[in-house]
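In what follows, a single structure is set out as structure tokens and then discussed.
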Amino acid sequence: MTSGGHIQLFIEHTRQIATAQGDIQLALQSMQQWRDAFATALKQNTFDLTGWSTQAKIANQLKQFNHKLTTHVSNWDTEWHTFSAAQSVAEVFHDRVMLLVFGKFNAGKSSLCNLLAECFRSHGQTVQYFHVQNEQIFYTESRLREGATETTAQLQGVCLGEKLILLDTPGLHSGTQENAALTQKFIDSADGVLWLSSATSPGQVQELDALVRELKRHKPLFPVITRSDFVEEDEIDGELCTVLCNKNLEQRALQESDVLMRAQEKLRSMQLDVSLLKSPVSVSTQMAREADMTPQAMNEAGFERLFAALLALIEPALRYKQRKPAEVLLHFLQEHIIEGLRFYLQPDLEHIQQDLKQDQDDLRQLHTDLAEAVWRSVLPELPQLLEQHASKEDIDVVVNSLNKWINVAFEQQLAIQLDAYGLNLDSLSKIEKTEKMQYERIAGMLVHDGLYTILTQQIQQAVKASTSELIEQCQAQLEQSIKHVQTLDETFIDYSAALDQLSQALRVE
């Protein structure tokens, strides 16, 4: 059995692990204050519906947005309870370093866990297997069922010695939605992640997407390429047989370099620091087992390099563990609150902003259309009105009638063209009686040509002034709502930046 250098060093090092929670109370308090302040800011920044018609499309959009915003904020406590449920596992192993074995199905996660357990047992360390069911830990004498987590929603794990835990998970891209959801639920229980990717298709895009999420969380993460072997034909005792062989160092180096390069490209595309990613190591669990896990076999199968890398992973995992309660809260704030708002509300807000700006553009044309429609409604009636009141030369009645007609015409046109706005018609301009407004007598006949000209000019001025007043009211309403959109955007940006500062302060090494 094994007795290699780095393997022995790693096992000895895990025996000396001392876990202690760091001083994170200030960080927790600051993040809770951030959460409360953000909730208050959002609730205080719902759209004011005053000035909008209750039946208007934009009013319904704003009302629905307000409802979604307040509902989202009110659900934070429930979401946090669900999000933090995985800590029940972490609390059981509070004095140990827990590494999550992470990757898509059929990556050899259970096989690797079992082999590492055999290494520890061969060096006189206790090994204890368990599975997680209904968020409870159940210990068992049986080693991990290889492939079991691909067909069930049950997590399994193994305690290596007194200080190290491997948590074997269903594949993120396994055949059942329940398996993938279970893995995500318990990711935050771990202090570090071993990302396993099969050599048959290493570093696929969907795996890298999951990897990026963990790197965003600043959790120590180490990539392992499994099944680093191949089958070749050989002649044994005169018969042609297939033999499993390790990939040579050059082949492994090429594959590790390829995975590293593509992973780094992914990080750059997500604007993440490429130094967060450690160089992969490729291993063959099957080759190590077939050769009885001798020191030479373990070395040739890549496990000396693996244990050297794992040795370097323990310290950052311990540092993460010290701040883990704060990290869990931070992940919730980032992924459920900030990203949740961006996913759930940002598209609605952008749609509202687009509609408001389109309404602004439409107002420019509506200014002309509205004035022309009112003008055409009132002016043709003027000659008959003058004739009707000529006998008494009642200018007051003429002026009052015109003002009434103008108001009615505006009301009718507003119902057609500006029904979204709750406009104030009391401020509309009116025709005022002047001394020049008189009927005239020519050759004993009562005429109103001059009066018609004066009133036509007065109607035109009143309609123009009233139209400008109404359009200004609409413009002010739109500008108020557009400014509110900008205020919400600035609130999102400011609180996101403040949370980034809290995360940087938390992660200062």
Result block: side-chain N/O donor-acceptor pairs under 3.5 angstrom for residues 338-351, not counting sequence neighbours:
{"unit_1": "Arg342", "atom_1": "NH2", "unit_2": "Ser496", "atom_2": "OG", "d": "3.4"}
{"unit_1": "Gln346", "atom_1": "NE2", "unit_2": "Asp489", "atom_2": "OD1", "d": "3.0"}
{"unit_1": "Asp348", "atom_1": "OD2", "unit_2": "Lys68", "atom_2": "NZ", "d": "2.6"}

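- Applying the side chain to side chain contact (heavy atoms under 4.5 Å, CB included) criterion to Lys357, with sequence neighbours excluded, gives Gln353, Gln360, Ile482.
- Judged as a salt bridge (Lys or Arg N to Asp or Glu O under 4.0 Å), and not counting sequence neighbours, Lys43 has no contacts.
- With 3.5 Å as the limit, one finds no donor-acceptor pair spanning the side chains of Asp369 and Gln417.
- Among residues two or more places apart in sequence or in another chain, the side-chain hydrogen bond (donor to acceptor under 3.5 Å, both in side chains) test is passed with Ser197 by Glu207.
- Between Phe38 and Trp34, the two ring planes are tilted [angle within 30° to 60°].
- Of the candidates Glu327, Gln334, Glu335, Glu327 is the only one forming a side chain to side chain donor-acceptor pair (under 3.5 Å) with His331.
- In this structure the side chain of Tyr452 reaches within 4.5 angstrom of the side chain of Leu379, judged on heavy atoms.
- For residues 392-433, the pairs satisfying ring-ring contact (aromatic ring centres under 6.0 Å, His included) are Trp52-Tyr421, with sequence neighbours left out.
- A salt bridge is defined here as a Lys NZ or Arg NE, NH1 or NH2 lying under 4.0 Å from an Asp or Glu carboxylate O, and Glu479 with Lys483 fails to meet this definition.
- Minimum heavy-atom separation, Ser279 to Leu260: OG-CD2, 3.8 Å.
- Evaluated for a side-chain contact (heavy atoms from CB on, under 4.5 Å) with Ile395, the options Glu435, His389, Met437 yield exactly one hit, Met437.
- When only modelled atom types and interatomic distance are considered, Gln388 and Gln384 share no side-chain donor-acceptor pair under 3.5 Å.
- For the residue pair Asp362 and Gln358, a side-chain donor N or O sits within less than 3.5 Å of a side-chain acceptor on the partner.
- When ring centroids are compared, His336 and Phe332 come within the 6.0 Å threshold.
- In this structure, the side chain of Glu440 does not engage the main chain of Asp449 through any donor-acceptor pair within 3.5 Å.
- The two atoms that bring Thr226 and Ala107 nearest to each other are OG1-O, 2.6 Å, heavy atoms only.
- Remark: Gln504 engages no residue in a side-chain hydrogen bond (donor to acceptor under 3.5 Å, both in side chains) (not counting sequence neighbours).
- Nearest heavy-atom pair across His367 and Ile471 is CD2-CG1, 3.7 Å.
- Between the side chains of Ser53 and Asp419, no donor-acceptor pair of N or O atoms lies under 3.5 Å.
- Applying the 6.0 Å contact sphere to NZ of Lys430 captures more than 12 heavy atoms from other residues, nucleotides or ligands.
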